[in-house]
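Working notes for the structure below.
Bear in mind the structure is a predicted one, so any value in this text is a computation, not a measurement. Residue indices begin at 1 and follow the sequence shown.
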Amino acid sequence: MTRAGNQVLTFTLGEETYGVDILRVQEIRGWSPVTRIPQSQAHMLGVLNLRGSIVPIVDLRMRFSLPRAEYTPLTVIIVLSLESPQGRRDCGLVVDGVSDVVDVPAADVKPAPDLGRQVSTEFIAGLAAVAGRMVMLLDIDRLIGGEVAGATSLPVAANA
């Protein structure tokens, strides 16, 4: 995540800016309703049929225990490729909005602070100042990879 010349897709949740490696981004799409999966965790909103594959959708606000926001035409789903011991898996993240693609030199990335045992930061790959704002660079595999790794992409019937 922190190699030199790394390009990062930045996005917002409330007033905070986050970033993910652009090479993990499969597509950016507007909000569309999902099919709920019974007994799933609250932040696992459900699944979408994307070109014949069932893709789990995670509300990142809920995953981070942030106040809930209404889904509007400005709400965005970023479809990312996750890596796990079980292989590659696509997953969608619901975010407030996509900002920009920026270059983040490895020298500009600082490690996540140790905030003690009460605050989990293992999913933060680093912090970087970009255009005067602090951007939290996410290790998406650690953040949600384990939650969706067990699910496999299922083909959907053509009439679905």
Side-chain angles (χ1 to χ4, degrees), residues 1-31 34 37 40-48 50 53-69 71 75-153:
M1 174 80 196
T2 57
R3 65 188 181 277
N6 189 35
Q7 286 198 311
V8 174
L9 175 71
T10 59
F11 59 90
T12 57
L13 290 173
E15 298 297 314
E16 302 303 326
T17 303
Y18 299 85
V20 293
D21 187 336
I22 192 68
L23 297 177
R24 295 297 192 93
V25 177
Q26 301 300 305
E27 75 178 270
I28 300 168
R29 53 184 294 128
W31 168 253
V34 300
I37 303 295
S40 61
Q41 296 178 2
H43 63 271
M44 296 293 287
L45 292 183
V47 295
L48 276 180
L50 296 180
S53 291
I54 300 298
V55 176
I57 305 298
V58 173
D59 186 319
L60 209 51
R61 275 182 163 272
M62 294 173 77
R63 174 65 175 85
F64 287 163
S65 300
L66 298 173
R68 191 159 187 167
Y71 304 126
T75 304
V76 177
I77 298 174
I78 303 171
V79 180
L80 299 167
S81 175
L82 305 175
E83 297 291 336
S84 74
Q86 292 81 15
R88 193 183 75 79
R89 174 80 170 108
D90 288 345
C91 178
L93 296 182
V94 178
V95 301
D96 294 349
V98 171
S99 302
D100 214 346
V101 175
V102 296
D103 288 315
V104 180
D108 291 353
V109 177
K110 307 299 181 224
D114 182 1
L115 300 173
R117 299 174 70 158
Q118 301 301 320
V119 180
S120 174
T121 59
E122 74 272 0
F123 58 83
I124 299 176
L127 300 166
V130 176
R133 291 194 66 135
M134 188 63 64
V135 176
M136 285 177 263
L137 304 174
L138 300 178
D139 181 335
I140 204 67
D141 297 328
R142 284 188 174 196
L143 178 63
I144 58 172
E147 296 175 10
V148 298
T152 57
S153 289

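- Judged as a side-chain contact (heavy atoms from CB on, under 4.5 Å), and not counting sequence neighbours, the contacts of Ser40 are Arg36, Ile37, Met44.
- Residues meeting the salt bridge (Lys or Arg N to Asp or Glu O under 4.0 Å) test with Glu27, sequence neighbours left out: Arg29, Arg51.
- Using a 4.5 Å heavy-atom threshold, the side chains of Val25 and Val101 count as separate.
- Note that CG of Leu13 is 6.0 Å distant from CG of Leu66, once rounded to the nearest 0.5 Å.
- Shown here are the side-chain hydrogen bond (donor to acceptor under 3.5 Å, both in side chains) partners of Thr12, two or more places apart in sequence or in another chain: there are none.
- The minimum heavy-atom distance between Pro56 and Arg89, with the atom names listed, is CD-NH2, 2.9 Å.
- The CD atom of Gln26 sits 9.5 Å away from the CG atom of Leu82 when rounded to the nearest 0.5 Å.
- Put simply, the side chain of Val130 does not reach to within 4.5 Å of the side chain of Thr10, judged on heavy atoms.
- By the 4.5 Å heavy-atom criterion applied to side chains, Arg63 and Leu93 are not counted as neighbours.
- Evaluation of the side-chain hydrogen bond (donor to acceptor under 3.5 Å, both in side chains) rule for Thr17 yields Arg133 as partners, not counting sequence neighbours.
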Apply side chain to side chain contact (heavy atoms under 4.5 Å, CB included) to residues Arg24 and Asp141 and explain how you reach the verdict.
CA-CA 10 Å; Arg24 295 297 192 93; Asp141 297 328; 2.6 Å; yes

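- Here the CD1 atom belonging to Ile22 is positioned 4.5 Å from the CG atom belonging to Leu9, to the nearest 0.5 angstrom.
- Note that the CG atom of Leu23 and the CG atom of Asp21 stand 4.5 Å from one another [nearest 0.5 Å].
- Looking only at side-chain heavy atoms (C-beta outward), Val109 and Leu137 come within less than 4.5 Å of each other.
- Taking the side chain as every heavy atom from C-beta outward, Ile144 and Cys91 approach each other to under 4.5 Å.
- The backbone N or O of Leu45 sits nowhere less than 3.5 Å from a side-chain atom of Asp59 that would complete a donor-acceptor pair.
- Between Leu143 and Leu60, some side-chain heavy-atom pair lies under the 4.5 Å cut-off.
- Using a 4.0 Å cut-off between charged side-chain N and carboxylate O, Asp96 and Arg61 make a salt bridge.
- Taking Tyr71 as the reference, Trp31 meet the ring pair (Phe, Tyr, Trp, His ring centres under 6.0 Å) condition, with sequence neighbours excluded.
- Atom CD1 of Ile57 is separated from atom CD1 of Ile78 by 11.0 Å, given to the nearest 0.5 angstrom.
- For Arg88 (side chain) and Glu83 (main-chain N/O), no donor-acceptor pair under 3.5 Å exists by modelled atom type.
- The minimum heavy-atom distance between Ala112 and Leu127, with the atom names listed, is CA-CD1, 4.4 Å.
- With contacts defined as side-chain heavy-atom distances shorter than 4.5 Å, the pair Val135/Val104 does not qualify.
- Under the side-chain contact (heavy atoms from CB on, under 4.5 Å) criterion, Glu16 pairs with Tyr18, Met136, not counting sequence neighbours.
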